[in-house]
Amino acid sequence: MNLQNYRLEANPNVPGDWIVFGDIYDNDGNLLGTFGENGTSVFGWWALQDAQFQQNYCNQFAVIMAQEIVAGTAE
Amino acid sequence: MATYYVKPAAQGGNNSLAGTSPSTAWATVAYALSSSSGFASGDTLYIAPGVYTDTISVTMANPTVETNIIGDPTCAQFSGLTAGAVVITNYNASLSGSGYTGNIIFATTKNFLHFQNIKFAISNNSAIAFTTCVNTKFTKCSFISNSTAGDLVSITSPSGVAVNCTITKCVFHGGNQSVRIVGQSIADGTSITDSIFLRANNTALYLDSVQVGIYNCIMAYGQYGVIQQPGSLTYPTVVRNSLLFRNQVDLICVIVNNTIIENYNRLLSTTPRTNVANNGTSSSVGDIGIDFFESLLWGINNIQPFTSYASSPNASFGNATGAPSTDIYGVTWAGSSPDAGAGTYRVITSVPSNVGYVANLPVNTQASVITIAPGSTSQSIELYLGATGLTASTIGLSARYNRTRTASVSIPLVARTIAQAWTAGGFAEVDATNMPGVYRVDLPDAALAAGADDVTVVVRGASGTNGAVMTIKLSSGGLTSAQTASAVWGASVAGYTTATDFGGVVNQIDNTVTGIDAVVQDIPSNVWEELRTNHDTAGSFGEYVNAELVTPVTSAALVRMGPFEVRADGLGASDPLDIQKGAQHGIDIQCVDNNNAGIDITSATVTAKVYNSGATLVDTYSCTATYAADGRATFTIDTTVTNVPGTYTATITRTTGASDTQVFGPLRIYVRDI
């Protein structure tokens with residue numbers, strides 16, 4: 001799976017949210033999908049995932065949060 | 001172009017010394033690279049094995065030509081020191097705890113520094129933090145961090161100047177980014193080849209506005225393999241012949257798409273490319289294709305980890321254009337094209353001396369076992385020491401032996417040429433050109449004396465060699481041919497008389513053993529007494545004797561013998577008849593008077609009567625006149641007589657009437673058994 005025309009933009013309407021843009025291709029160059037003409041909101045997409053999925057990634061994100069807290073770079 | 005040296009203080013290093021020889025080496029790398037030492041552009045600095053905990057600020061004058069800082073793990077420059085890793089660290093000296101916080105080596109505008117054979121053990125921050133430094137090189141260095149923070153190598157160039165950094169045959173582990181290079185979006189000769197990047201917390205190669213040629217590298221277990229931050233479509237980065245796996249994204253361009261051009265790579269992560277064009281020469285499927293220690297675990301091969309295994313999908317996957325000609329270990333690619341990844345497939349018989357080091361332990365030590373008869377004298381052995389030019393006086397070189405469960409004994413080495421006679425401790429190089437690294441060592445006779453199971457010989461200690469170990473089994477299995485002959489022919493017969501074995505047969509005196517009589521003096525008797533009926537095989541000598549000498553009559557034609565003159569009046573015969581047993585012959589006779597004149601036998605009946613030695617008539621034969629007027633006649637004697645050897649007499653009677661009988665002879669007949 002390869003991404004083309006990938007970019008991130010801050011969501012001007014939702015502070016802290018980001019919008020993902022880009023096209024999704026397979027390894028043979030076939031277009032599989034896109035993040036949409038207007039991109040996909042991270043917050044919006046996240047809220048649509050089930051609790052198991054969210055818990056799984058929160059476990060990983062917690063480690064990063066901890067590192068940043070200890071490093072003093074986080075609030 | 002001066003040469004300087006650094007060795008640990010524990011080994012005598014002292015920053016107050018001149019630093020111009022191993023014996024006057026400085027103690028710290030920090031001092032060497034400072035403005036105080038005198039180390040300058042174009043010079044070479046050798047660093048002895050050890051752990052250096054310096055905070056190194058490079059304050060020497062800015063070099064204008066390549067200036068070498070070289071670790072010397074093999075102690076090629078430092079005789080008498082033990083081979084081992086050259087470690088520069090911000091851990092503590094035992095690498096077991098915290099040291100200081102900060103970059104290990106940092107510099108601003110110091111160009112042309114070339115680091116080689118150094119391990120950087122990083123607890124925090126960076127190993128290399130170079131600001132506005134160009135033409136920096138790293139060869140055969142390792143950068144090992146257990147942290148997720150800090151860029152292991154961070155280099156920037158001045159405005160408008162290319163970075164021109166070279167990284168080859170290096171290994172990186174951990175950190176936030178393995179290598180971070182910030183350039184100027186201009187043509188740049190920076191290259192990264194034959195290197196391995198593992199588990200960068202963020203990115204293995206973080207490239208900011210810099211053009212880099214990346215060939216034959218491995219990048220794995222990171223968030224990103226290569227990130228090209230604002231790059232240049234005019235001066236894009238090239239990634240070729242590389243192996244990337246278990247990254248979140250292997251290759252990603254941020255801000256400007258397609259500033260990375262990739263081809264002939266194996267990109268095996270979930271997302272091989274983001275904003276990077278797929279040109280169709282790379283693969284994103286299949287096994288990783290490198291050895292993960294398993295061949296060593298199974299003992300089936302000796303393949304260095306992270307190199308291609310046999311028939312790997314990485315083999316010859318790459319393209320030679322722009323690629324290095326050898327892999328991370330300096331080995332030419334096994335196939336017609338470079339592999340994907342940093343190491344090509346090969347099976348090694350020993351760990352080469354240029355690969356890896358275990359502190360305080362020699363590697364590449366040659367070990368072998370031979371057998372020599374106990375008590376042998378003036379023996380020489382050949383050992384492989386892996387270096388040429390060693391002599392009996394090479395500094396550090398020593399030899400010792402120890403016999404089973406006894407203390408070691410020194411073998412003082414004595415200079416020899418290869419053809420010179422043995423002398424205890426003799427040491428000679430066999431042939432530096434055609435048999436490089438092989439040496440003759442003359443063993444003291446005491447080492448091989450009887451009374452021990454084995455003796456182990458060690459030669460070691462010189463720079464450039466990890467030494468050799470040879471164990472010599474003291475066993476008569478190692479007898480020379482002359483010793484074997486002496487042992488056999490000189491053995492006492494007393495212990496070898498078992499009737500059923502070879503010794504019993506050879507040593508028996510009077511009797512036949514196991515059907516064999518091997519006593520020489522018995523041979524004539526055995527031959528002459530042997531039954532000839534046991535030896536009649538067709539075509540053999542025995543058959544010839546039987547057929548031609550004993551029973552020739554069976555096939556012989558009738559032959560005639562005589563004439564024998566048989567005389568009247570019992571006066572005997574002219575000659576005896578000598579005839580073989582079993583023969584049948586015509587016998588010619590002539591009846592003569594006392595004057596040897598023939599007696600007319602015309603119309604007479606002439607008969608031969610044969611008597612044995614007991615005067616018994618055996619047979620009577622009628623004679624046929626052959627010249628009657630001269631008394632000549634013949635009869636045929638047959639096997640009735642000749643079958644029994646012995647002495648016979650034959651009388652010849654001439655009868656002309658009923659009462660007129662005259663007797664001639666007798667003719668003596670000998671029948672002989674041959």
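Every chain is numbered from 1 and lettered A, B, ... according to where its sequence line falls, protein lines coming before strand lines. Computed over heavy atoms, backbone and side chain alike; hydrogens, waters and symmetry mates excluded.
The part of B/Thr148 that comes within reach of chain A is its side chain, from C-beta onward, which places non-hydrogen atoms under 4.5 angstrom from that chain. Looking at B/Asn257, only its side chain comes within 4.5 Å of chain A, counting heavy atoms on both sides. Neither the backbone nor the side chain of B/Val285 comes within contact range of chain A; no heavy atoms are under 4.5 Å apart.
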Per-pair distances, 0.1 Å, donor-acceptor, side chain in residues 176-183 of chain B, under 3.5 Å, sequence neighbours excluded:
residue  : atom : partner  : partner atom : Å
B/Gln177 : NE2  : B/Asp151 : OD1          : 3.0
B/Gln177 : NE2  : B/Asp151 : OD2          : 3.4
B/Arg180 : NH1  : B/Ser154 : OG           : 3.4

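Per-residue heavy-atom pair counts under 4.5 Å with chain A were compared for B/Ala277, B/Ser282, B/Ser284, and the maximum is reached by B/Ser284.
Using a 4.5 Å cut-off between non-hydrogen atoms, the part of residues 2-15 of chain A that approaches chain B consists of A/Asn2, A/Leu3, A/Gln4, A/Asn5, A/Tyr6. Among the residues in residues 205-232 of chain B, none has a non-hydrogen atom closer than 4.5 angstrom to a non-hydrogen atom of chain A. Of all residues spanning residues 31-64 of chain A, none has a heavy atom less than 4.5 Å away from chain B's heavy atoms.
Using a distance-only test at 3.5 Å, with no hydrogens or angles considered, a donor-acceptor pair links the side chain of B/Asn278 to the main chain of A/Asn27.
By the 6.0 Å contact criterion, CZ on B/Arg246 is open, its count of non-hydrogen atoms from other residues, nucleotides or ligands being 12 or less.
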